[in-house]
Amino acid sequence: MKRVAALVCLLVLPLCSSASVNDLKSRAERSNYAETSRYADVIEFINELQKLSPSVKVESFATTNEGRELPLVILSRPAVSSPREAALSGKPVVFILANIHAGEVEGKESAQHLMRDVATGPLAALMDKIILLVAPIYNADGNERIDINNRTAQNGPTGGVGTRENAQRLDLNRDFMKLESPEARGLIDAFNRWDPHVVMDLHTTNGSYHGYHLTYAPPLNPNTDARITSFAREKLLPAVTRALKAKHNYRVYYYGNFVDPQRPTSELGGDRQGTPKAWATFDHRPRFGTNYIGLRNRLAILSEAYSYLDFRARVDVTDKFVRSVLQYVADHAAEVVSVIREADRRSATSGLTAGNEEGFGINFELKPSTKPVDILVGSVTRTVDSRNNRPRLQATDEARPVKMAEWGEFRAARRLSAPAAYLLRPDQKPVIDKLLAHGITVEVTRREETFDVERYTVKTVARAQRPFQGHREAKFEVVKADAQEKFPAGSFIVSMRQPRAPLAFYLLEPESDDGFANWNFFDEETDRAMKENSSAVFPVFRLKAAPATPREIRR
Ligand SMILES: [Zn+2]
């Protein structure tokens, strides 16, 4: 058969490519959705796709702990070969991130189907409006640990799935701020270079038995530019929700879990008793990718296919959701580019973003809806997998609307003014290297100088009892006072007049719940000083005005 096809190809070229496209299938398709793709399957799929279309380019954006190169596929027409060319095209750049949790595998399959249809098929016209970047297998090391004992409650694939964590046992969707994995460092470097306007992060739910095929979330941190959040909440997500219902009869809504209305931060999980009374979203902290992207002044969409739908249905709804978002971005390309540019402009001129004129939030709380909302309640049936005696859950058709309180957004419980710049001494190079990894611009002073600063004194440090991601997260209690401090040449200035100011604020403030202090970067020196003097000077200082001292720019 193959030889005949090759011969026909030589004679009739157009037939050749269409015949080959029909041969190009993901492992999910080839196995009738019994199995998910291995790393080698994904690489082979990309190689074959490249042979079919000049619109497909590939780069490697990271090497995992176990030595796997992570592919980033660039789909564009006319084809671009560099971030510079992508920026010059004026089109929005959209980044699809799949398989960050390697047990949640439908994003990886739908990403392959999407690339095929964009590169060679019915979705090619998208490339006239957007540039598409796809990272189909982010947690590649976790993916290769496929086992029928992973995520056993999930409704397939029966051939098993990978692990949540990478080879270091880190959850990559908690590593966006501290960047301790080679995967996250490579991904942020790709974000810095390609600077995508929109990022989609593809997952599968855990927990509550709801009546949606897929749930979604925009960036949830209140320090995100309000125009980005409202573009997502008031325009893109409602339009996509309507389109999925009208075209495919899919029910999609904001991500949540059923919670105790008295304690909305504690999930009730799947095995709740009685009718649920409240629905709450997950978390405001930027250790989660979509919240992190928001602090970079970019639009992010979290996609969570419902765990108890069968594998084929989860791939399909993820596929339809991603395509619908891409179509909306393509149809509103100029608006997307302008919302992002405006957010960057505000950060670069004032350090703040729209909605944060009185300073950035430093403590946050869930915000209840003003009135009860119809949330669809679902149910599941159970079968036992005879291979491991573990229950597998299947969604029923139930989708019963129940009016209940919704905690779908966060608000700042306390705000803090942003300084004109942060100032750090030369011994803080490890912290500075992390800032540079996040694409934050740092300047280096060229002479010794005394500055008027705001200085934090650390009063207490409370460390979490339970270790998390190899850390015992630290909560700093500080007081701020004006002071004069001498800084040697080679000290670091982090201006807050730059596009990534909201991210710099979150990383550097001592009371931040996801910054360097939280992740123990300052523990050693703080502990030492507190032992000696019962208090410690926090090594990040605040400047009220940008100093006129000579300095060099680092990137
Ligand atoms: Zn996940």
Side-chain angles (χ1 to χ4, degrees), residues 28 36-37 64 70 95-111 134-147 149-157 160-178 181 183-184 187 199-210 212-221 252-258 267 269-270 280-294 300-309 311 313-315 317-319 321-322 325 393 395 468-469 514:
T36 190
S37 303
T64 67
L70 296 184
F95 194 115
I96 309 287
L97 182 66
N99 220 53
I100 186 169
H101 291 145
E104 307 169 12
V105 291
E106 52 272 31
K108 179 182 53 183
E109 308 301 337
S110 73
V134 183
I137 183 161
Y138 180 42
N139 183 4
D141 291 353
N143 190 75
E144 296 311 276
R145 289 162 167 73
I146 287 176
D147 191 296
N149 293 313
N150 292 332
R151 281 181 76 84
T152 49
Q154 180 170 288
N155 192 0
V161 296
T163 56
R164 182 178 183 86
E165 288 83 13
N166 76 347
Q168 289 161 281
R169 304 184 62 79
L170 288 179
D171 183 335
L172 297 179
N173 203 25
R174 305 293 182 272
D175 198 33
F176 279 88
M177 294 296 267
K178 57 191 175 59
S181 63
E183 293 92 342
L187 181 67
V199 178
M200 295 190 73
D201 184 18
L202 310 182
H203 293 250
T204 319
T205 57
N206 301 313
S208 296
Y209 308 155
H210 60 62
Y212 302 102
H213 298 97
L214 180 146
T215 47
Y216 49 65
L220 294 174
N221 192 283
V252 299
Y253 189 62
Y254 287 102
Y255 177 87
N257 280 290
F258 294 122
E267 276 177 35
T281 189
F282 63 106
D283 205 299
H284 64 278
R285 288 171 295 181
R287 63 188 62 184
F288 296 86
T290 46
N291 296 337
Y292 170 79
I293 298 294
I301 307 286
L302 172 76
S303 164
E304 295 264 357
Y306 187 41
S307 196
Y308 314 125
L309 294 176
F311 182 38
R314 297 201 317 269
V315 173
V317 70
T318 302
D319 199 40
F321 180 67
V322 170
V325 170
L393 308 188
F468 178 72
Q469 302 292 303
D514 217 349

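Just so you know, ligand 1 is whichever comes first in the structure, and atom 1 is the first atom listed for that ligand.
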Query - Plane angle bin for F176 and Y292 - parallel if under 30°, tilted between 30 and 60°, otherwise perpendicular - result: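 Tilted: the ring planes of Y292 and F176 meet at 30° to 60°.
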| request: Would you please classify the geometry between the Y216 ring and the F321 ring as parallel, tilted or perpendicular, with 30° and 60° separating the classes? | output: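 Answer is parallel, since the angle falls under 30°.
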Is any side-chain heavy atom of T281 less than 4.5 Å from a side-chain heavy atom of Y255?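 Contact flag for T281/Y255 side chains = yes.
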About how large, to 10 degrees, is the angle ND1 of H203, then the Zn ion (ligand 1), then OE1 of E104?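 An angle of 100° at the metal.
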**Item:** the Zn ion (ligand 1) - name of the N/O/S atom of H101 that sits closest to it
**Value:**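 Result for H101 and the Zn ion (ligand 1): ND1.
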Going by the side chain to side chain contact (heavy atoms under 4.5 Å, CB included) test, name the single residue among I293, V134, D201 that passes it with L97.
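It is D201; the other options fail the test.
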- request: Tell me whether E304 has at least one N, O or S atom under 2.8 Å from the Zn ion (ligand 1).
  value: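 Here the distance criterion (N, O or S atom, under 2.8 Å) is not met by E304, so no.
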